[in-house]
Visitor: 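Below you'll find the structure I mean.
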Amino acid sequence: MTTLMFILGIVVFAVGLLVSIAWHELGHLSTAKLFGIRVPQYMVGFGPTIWSRRKGETEYGIKAIPLGGYIRMIGMFPPDDQGRVSARSTSPWRGMIEDARSAAFEELQPGDETRMFYTRKPWKRVIVMFAGPFMNLVLAVALFLTVLMGFGIQKETTVVESVSPCVIAQSQHRDTCRKSDPSSPAAQAGMKAGDRIVSFAGKPTRDWNTLSDLIRDSAGKNVAFVVDRDGREVTLHAKIATNQVAKKDAGGNYVDGYVKAGFLGFSPATGVVKQDFGESVTWMTDRVGDAVDSLVALPGKIPALWDAAFGDGPREPDSPMGIVGAARVTGEIATLDIPASQQLAMFVFVLAGFNLSLFLFNMLPLLPLDGGHIAGALWESLRRNLARVLRRPDPGPFDVAKLMPVAYVVAGIFVCFTVLVLIADVVNPVKIS
């Protein structure tokens, strides 16, 4: 049964992956057609074609390897300086440029002269190339909101899980009380496990961060607080101690270090808490920031990833993970002994994170990524407008094909990194249990 559930989890992820890819390419396709660019192909996957059907001027299909997708637009690159579409050179770098330029004019038909990608104004090309990653961002936001507002996430609550019998500095990393340790304010006040704190010093405490801040700001004060105990409200009184506690950032997240602050002396219970729209937006903003930081830190994680794949190094929880690794994680989720609603929420979270990663990665200003084409269109717009202001001749379209040698290098690095991640995902995968 466990093996069956594991396979089912992988299948669910594979379907979500295909939908995400198709959704991405739909953004490119719809905007390209909106601006009159001819699109001969819309494909989900790579390799041999499993199924395809032609509708109008576009062939729609699914290929065997679900590791990406593409649409093919006519005239991605302009002719060379002599107006030629195809020419040959003995230089391998020049040959790459000419091959890319020639491929952009495949299937050119009469009337396509005004329907080629490069003939569109730069702002239209930016929209076409941005539309794909933007669709992933829209899907990620929709999925995150579904989980945050519909299912909820695990968070600390205002319910008491346990009461500390004494005051211990958190930097000491111990749980056992000594004779010299004073009794905790919570124990002296008569707080019990299961109590839900509804107000503190006359202020309502709807969430843990609010309550935590109120306690920290009340060091040395005598405070009355109200708890819900078995359906009835009980007022308790305590003198808040001053203790060394974990430092928090502005968002309420624990960070390295300790500070002197108020201390009541209890551990909050965790539970699944639904977020409102404002809380969801704040949470997603934080996650985007974390994702950007992870992307920037990616090169620095390669040595540890190599050691995890080919040495005896551990696989860190925040290690880069590919499609195979994500599929294994969803397989593990399906085998967890948790409610089906939580399993579904975790599935959706993984898919949402995958789409957010697709958006950020594709926005890198490097060919052959969408961000590279966007950067080329923006550069063309800048230099043409500058020439207009300076009353100089129009420099014409920016020839992105000249950057294809760089694109091949970038693609080669990406392929090598993908293979490394794949090996690590197979021999030393990230695990959630």
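Keep in mind that this is a model prediction, so the values were computed, not measured.
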Visitor: Begin from the C-alpha positions of Leu305 and Val421 and carry the test side-chain contact (heavy atoms from CB on, under 4.5 Å) through to its verdict.
Guide: CA-CA 7 Å; Leu305 185 64; Val421 172; 3.6 Å; yes
Visitor: Which pairs would a plain distance check flag for residues 365-379, meaning a side-chain donor or acceptor within less than 3.5 Å of a matching protein atom at least two apart in sequence or in another chain?
Guide:
residue : atom : partner : partner atom : Å
Asp370  : OD2  : His24   : NE2          : 3.3
Asp370  : OD2  : His28   : NE2          : 3.3

Visitor: Please list, one pair per line, the donor and acceptor atoms closer than 3.5 Å that link side chains of residues 336-343 to other protein atoms, with sequence neighbours excluded.
Guide:
residue : atom : partner : partner atom : Å
Gln343  : NE2  : Ile333  : O            : 3.1
Gln343  : NE2  : Ala334  : O            : 3.1
Gln343  : NE2  : Leu336  : O            : 3.0

Visitor: Is the closest side-chain heavy-atom distance between Gln170 and Tyr258 below 4.5 Å?
Guide: yes
Visitor: Which one of Asp228, Leu214, Leu211 satisfies the side-chain contact (heavy atoms from CB on, under 4.5 Å) criterion with Ile197?
Guide: Leu211
Visitor: Keeping Asn385 on the side-chain end and Ser381 on the backbone end, is there a donor-acceptor pair under 3.5 Å?
Guide: yes
Visitor: Minimum heavy-atom separation for Pro133 to Phe359, with atom names?
Guide: O-CD1, 3.2 Å
Visitor: Would you please test Leu145 and Phe277 for side-chain contact (heavy atoms from CB on, under 4.5 Å) and show each step?
Guide: CA-CA 8 Å; Leu145 286 176; Phe277 182 74; 4.3 Å; yes
Visitor: Under 6.0 Å from the NZ atom of Lys33, do we count more than 12 heavy atoms belonging to anything else shown?
Guide: yes
Visitor: Can you confirm whether Phe13 sits close enough to Val329 that some side-chain heavy atom of one is under 4.5 Å from a side-chain heavy atom of the other?
Guide: no
Visitor: Is a side-chain donor or acceptor of Gln275 paired with a backbone partner of Val273 at a separation under 3.5 angstrom?
Guide: yes
Visitor: Could you tell me whether the side chain of Ser218 reaches within less than 4.5 Å of the side chain of Phe200, counting heavy atoms only?
Guide: yes
Visitor: Between Thr58 and Lys55, is there a donor-acceptor pair closer than 3.5 Å when you use the side chain of the first and the backbone of the second?
Guide: no
Visitor: May I ask you to check whether over 12 heavy atoms, not counting those of Asp394, lie within 6.0 Å of atom CG?
Guide: yes
Visitor: Is the backbone N or O of Gly353 less than 3.5 Å from a side-chain atom of Ser357, with the two atoms forming a donor-acceptor pair by type?
Guide: yes
Visitor: If you round to the nearest 0.5 Å, how far is CG of Asn362 from CG of Leu137?
Guide: 12.0 Å
Visitor: Answer yes or no on whether Arg287 is positioned over the face of Trp283, meaning its NZ or CZ is under 6.0 Å from the six-membered ring centre and within 45° of the axis.
Guide: yes
Visitor: Working to the nearest 0.5 angstrom, can you tell me the gap between Leu351 CG and Phe354 CZ?
Guide: 8.0 Å
Visitor: Indicate the atoms forming the closest heavy-atom contact of Ala131 with Gly27, along with that distance.
Guide: CB-O, 3.2 Å
Visitor: So, Thr285 side chain and Val281 main chain: donor-acceptor pair closer than 3.5 Å or not?
Guide: yes
Visitor: Within the structure provided, determine whether Gln41 and Tyr70 are in side-chain contact (heavy-atom separation under 4.5 Å).
Guide: yes
Visitor: Does atom CG of Asp293 have more than 12 heavy-atom neighbours from other groups under 6.0 Å away?
Guide: yes
Visitor: Taking atom CG as the centre, does Asp175 end up with more than 12 heavy-atom neighbours from other residues, nucleotides or ligands that are less than 6.0 angstrom away?
Guide: no
Visitor: Using 4.0 Å as the upper bound for N to carboxylate O, is an ion pair formed by Arg315 and Asp425?
Guide: yes
Visitor: Taking atom CD1 of Ile7 and atom CE of Met5, what is their separation to the nearest 0.5 Å?
Guide: 11.0 Å
Visitor: Could you check if a side-chain atom of Val198 sits within less than 4.5 angstrom of a side-chain atom of Thr158, using non-hydrogen atoms only?
Guide: no
Visitor: Would you indicate whether the side-chain heavy atoms of Trp23 and Met135 approach each other to under 4.5 Å?
Guide: yes
Visitor: Hey, is the main chain of Asn209 close enough, under 3.5 Å, to the side chain of Asp207 for a donor-acceptor pair?
Guide: yes
Visitor: Enter the distance from Ser52:OG to Tyr60:OH here, rounded to the nearest 0.5 Å.
Guide: 12.5 Å
Visitor: For residues Glu59 and Tyr42, determine if any side-chain heavy atom of one lies less than 4.5 Å from a side-chain heavy atom of the other.
Guide: no
Visitor: So does Arg115 pair up with Glu57, basic N to acidic O under 4.0 Å?
Guide: yes
Visitor: Which heavy atom in Val39 sits nearest to a heavy atom in Ala32, and how many Å separate them?
Guide: CG2-CB, 3.8 Å
Visitor: So, are Arg328 and Glu332 salt-bridged, with charged N and O less than 4.0 Å apart?
Guide: no
Visitor: Closest heavy-atom contact between Leu148 and Ser280?
Guide: CB-OG, 3.5 Å
Visitor: Can you tell me if CZ on Arg174 sees more than 12 non-hydrogen neighbours from other groups inside 6.0 Å?
Guide: yes
Visitor: Phe361 and Phe414: aromatic ring centres closer than 6.0 Å?
Guide: yes
Visitor: Taking all non-hydrogen atoms of both residues, which atom of Thr119 and which atom of Met116 are closest, and how far apart?
Guide: OG1-O, 2.5 Å
Visitor: Could you measure the distance from the CD1 atom of Ile215 to the CG atom of Leu264? Nearest 0.5 Å is fine.
Guide: 5.0 Å
Visitor: Taking Thr157 for the side chain and Ala269 for the main chain, is one N or O donor matched with an acceptor at less than 3.5 Å?
Guide: yes
Visitor: If we ignore hydrogens and angles and just use 3.5 Å, is the side chain of Thr330 paired with the main-chain N or O of Gly9 as donor and acceptor?
Guide: yes
Visitor: Can you list the steps and then say if Gln244 with Ser171 is a side-chain hydrogen bond (donor to acceptor under 3.5 Å, both in side chains)?
Guide: CA-CA 7 Å; Gln244 195 175 50; Ser171 59; 2.2 Å; yes
Visitor: State whether Lys301 and Asp318 are salt-bridged, where the test is any N-O pair (Lys NZ or Arg NE/NH1/NH2 against Asp/Glu carboxylate O) under 4.0 Å.
Guide: yes
Visitor: Would you name the heavy atoms of Val259 and Ala246 that are closest together and state the gap between them?
Guide: CG2-O, 4.3 Å
Visitor: I would like to know whether Arg229 and Lys192 meet side-chain contact (heavy atoms from CB on, under 4.5 Å); could you show each step before the answer?
Guide: CA-CA 8 Å; Arg229 181 177 293 171; Lys192 297 180 180 180; 3.9 Å; yes
Visitor: Step by step, work out the side-chain contact (heavy atoms from CB on, under 4.5 Å) result for Thr31 and Met129.
Guide: CA-CA 9 Å; Thr31 50; Met129 300 313 298; over 6 Å; no
Visitor: Can a salt bridge be assigned to the pair Asp256 and Lys247 using a cut-off of 4.0 Å between side-chain N and carboxylate O?
Guide: no
Visitor: Check whether any side-chain heavy atom of Val348 sits under 4.5 Å from a side-chain heavy atom of Phe144, and report yes or no.
Guide: no
Visitor: Taking Asn243 for the side chain and Ile168 for the main chain, is one N or O donor matched with an acceptor at less than 3.5 Å?
Guide: yes
Visitor: Quick one: does Arg120's side chain have a donor or acceptor within less than 3.5 Å of a partner on Gly36's backbone?
Guide: yes
Visitor: Would you compute the distance between atom CG of Asp307 and atom CD1 of Ile302 and round it to the nearest 0.5 angstrom?
Guide: 13.5 Å
